[in-house]
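All ligand and atom numbering here is 1-based and tracks the order in the structure.
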Amino acid sequence: MRVDQIRAHFPALERAHGGLPVAYFDGPGGTQVPRAVVVAMADYLYHHNANTHWAYPTSAETDAIIDAARAALADLLGAAPDEIAFGANMTTLTFHLARALGRGWGPGDEVVVTELDHHANVAPWRALAKERGITVRTVCLDPETGQLYWDQLARALSPRTRLVAIGAASNALGTVSDVRDAARAAREAGALTFVDAVHYAPHHLVDVRDLGCDFLACSAYKFYGPHIGVLYARRDLIDSLDVPKLEPAPEVGPERLETGTQNHEGMAGAAAAVDFLASLGGDGREPGTRRERLARAYEMMHQRQQALVERLWDGLGRIPGVRRFGPSPSAPRTATVSFVVEGVPSETVARSLAERAVFVSHGDFYATTCVGRLGQAEHGLVRAGCAIYTSDEEVSRLLAGVEEVARGA
Ligand SMILES: Cc1ncc(COP(=O)(O)O)c(C=O)c1O
């Protein structure tokens with residue numbers, strides 16, 4: 001599918017700012033939403049809105065919509081539908097899971113986290129040090145390469161390790177980490193693996209079985225869906241998790257991980273986002289399952305975004321005064337590039353670009369440790385992320401804008 005055909009699905013792209021069409025490079029903070037997602041959410045709220053498990057049609061329809069949402073997210077993650085739980089967002093789900101796992105841990109137990117990770121995959125585990133007396137070990141970031149010191153992971157593991165918490169892709173630098181290898185090493189040490197796939201899932205097709213992880217979380221609002229979090233938990237672990245829950249709530253299956261009444265319309269929207277992505281891998285007439293269409297769509301997205309990130313990386317590298325961070329496009333990475341313009345605070349760069357209708361994020365993106373290790377704690381980074389709707393023309397406009405800012409124009 002051509003990029004202009006994809007763009008036609010996104011009403012947000014019709015927006016102009018200062019007479020110019022808006023170029024959204026803020027996808028790592030949240031992507032725009034195609035019409036089909038909003039239609040699915042509105043349809044749920046208008047025509048099927050009810051609470052679950054009751055004996056009348058709208059309640060049964062709600063149950064069916066939730067089941068369909070679990071099936072859709074299972075296809076996206078390579079999991080089974082009864083391994084998919086929903087929640088407010090990845091952060092809340094991770095705190096919830098950490099509290100459940102932590103109830104069985106105490107002094108002498110260890111968790112491994114990384115300096116590259118968003119704090120949502122650090123704070124919930126660190127909280128257990130305070131609450132349960134566990135030890136947290138940290139794998140450090142090499143600021144030069146934007147990658148983790150992989151040998152430190154092996155050294156951090158021991159028979160005391162209960163869990164490795166690792167991000168599949170860095171939202172600050174775009175670095176893709178080898179979580180498959182991390183999960184293998186964790187398994188060999190007798191530990192579980194929790195993967196933060198929030199920044200990974202919009203760019204690479206997750207396969208929880210292939211990764212060999214025990215838990216994985218992502219957020220639909222990063223892959224063209226609504227604001228809702230998704231947690232994969234290995235089926236045989238779900239029922240034994242000591243989750244904080246109300247006594248009358250379901251005892252088995254993913255529902256036991258979900259507290260209170262859920263965001264049903266968000267689930268409907270998340271499922272629609274998966275179907276939208278799958279539709280990019282064929283028009284439905286091609287043979288194959290939704291998972292196979294997703295695989296084709298991600299392959300197409302990957303090819304296109306690899307070309308965009310190469311242009312972006314090289315183009316920024318040619319601008320005097322611009323310093324790029326993270327791995328080059330020849331290393332495994334997403335199409336998210338962070339940089340600074342020497343002598344210009346990141347917020348000023350972002351404001352100047354916004355005047356040119358180029359929307360980029362700035363700051364530490366809650367990857368605070370990582371940005372600090374890069375020596376950019378004071379002003380943070382400027383972050384430009386390519387999404388499925390990003391065009392060549394928008395990359396040109398971004399580069400021209402940065403060039404002007406760097407020149408002081
Ligand atoms: C890599 C990464 N992990 C975790 C989070 C937190 O996700 P949520 O907003 O769903 O809690 C984000 C959000 O930006 C992220 O980029």
Side-chain angles (χ1 to χ4, degrees), residues 24-33 73 76-77 84-99 113-127 139 141 146-148 164-177 179 182 193-204 206 211 213 215-232 257-259 262-263 266-267 269-270 273 325-327 332-338 359-371 373 380-387:
Y24 296 93
F25 283 97
D26 61 342
T31 45
Q32 301 307 318
V33 174
L73 271 297
L76 184 73
L77 303 181
I84 301 294
F86 292 95
N89 46 51
M90 176 274 182
T91 305
T92 307
L93 283 165
T94 308
F95 269 114
H96 189 55
L97 179 68
R99 196 172 304 129
V113 301
T114 91
E115 283 189 345
L116 187 53
D117 272 76
H118 187 289
H119 275 209
N121 197 21
V122 178
W125 311 110
R126 283 207 184 283
V139 177
L141 163 72
Q147 286 160 342
L148 293 168
V164 173
I166 185 166
S170 157
N171 64 318
L173 301 181
T175 316
V176 169
S177 296
V179 286
T193 307
F194 173 88
V195 174
D196 172 0
V198 172
H199 186 62
Y200 184 86
H203 302 284
H204 295 270
V206 173
L211 294 179
C213 58
F215 304 101
L216 179 142
C218 58
S219 291
Y221 75 94
K222 310 282 193 185
F223 53 82
Y224 316 102
H227 294 96
I228 187 167
V230 183
L231 175 69
Y232 154 78
L257 305 179
E258 296 168 346
T259 46
Q262 293 292 305
N263 175 358
M267 296 176 183
F325 296 90
R333 62 155 22 264
T334 66
T336 295
V337 177
S338 287
F359 290 5
V360 295
S361 322
H362 73 278
D364 67 20
F365 325 110
Y366 288 16
T368 316
T369 309
C370 162
V371 174
R373 294 275 285 115
L381 308 175
V382 183
R383 180 179 68 180
C386 301

Between the side chain of [X] and the main-chain N/O of [Y], is any donor-acceptor distance below 3.5 Å?
X	Y	value
S338	A172	yes
T114	L116	yes
E258	F86	yes

Sequence-distant partners of R373, salt bridge (charged side-chain N to carboxylate O under 4.0 Å, His left out), two or more places apart |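 Partners of R373 by the salt bridge (charged side-chain N to carboxylate O under 4.0 Å, His left out) criterion, ordered by chain and then number, come out as E115.
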Using the benzene-type ring in the case of Trp, are the ring centres of H119 and Y366 under 6.0 Å apart?
->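 Ring-ring flag for H119/Y366: false, centres at least 6.0 Å apart.
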When rounded to the nearest 0.5 angstrom, what is the spacing between SG in C218 and CG in L77?
->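 If I round to the nearest 0.5 Å, the distance is 5.0 Å.
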Just list the N/O pairs, ligand 1 to protein, that are under 3.5 Å apart, with the distance for each.
{"unit_1": "ligand 1", "atom_1": "3 (N)", "unit_2": "D196", "atom_2": "OD1", "d": "3.3"}
{"unit_1": "ligand 1", "atom_1": "3 (N)", "unit_2": "D196", "atom_2": "OD2", "d": "2.5"}
{"unit_1": "ligand 1", "atom_1": "9 (O)", "unit_2": "Y221", "atom_2": "OH", "d": "2.5"}
{"unit_1": "ligand 1", "atom_1": "10 (O)", "unit_2": "M90", "atom_2": "N", "d": "2.9"}
{"unit_1": "ligand 1", "atom_1": "10 (O)", "unit_2": "S219", "atom_2": "OG", "d": "2.5"}
{"unit_1": "ligand 1", "atom_1": "11 (O)", "unit_2": "M90", "atom_2": "N", "d": "3.4"}
{"unit_1": "ligand 1", "atom_1": "11 (O)", "unit_2": "T91", "atom_2": "N", "d": "2.8"}
{"unit_1": "ligand 1", "atom_1": "11 (O)", "unit_2": "T91", "atom_2": "OG1", "d": "2.5"}
{"unit_1": "ligand 1", "atom_1": "14 (O)", "unit_2": "K222", "atom_2": "NZ", "d": "2.7"}
{"unit_1": "ligand 1", "atom_1": "16 (O)", "unit_2": "N171", "atom_2": "ND2", "d": "3.4"}

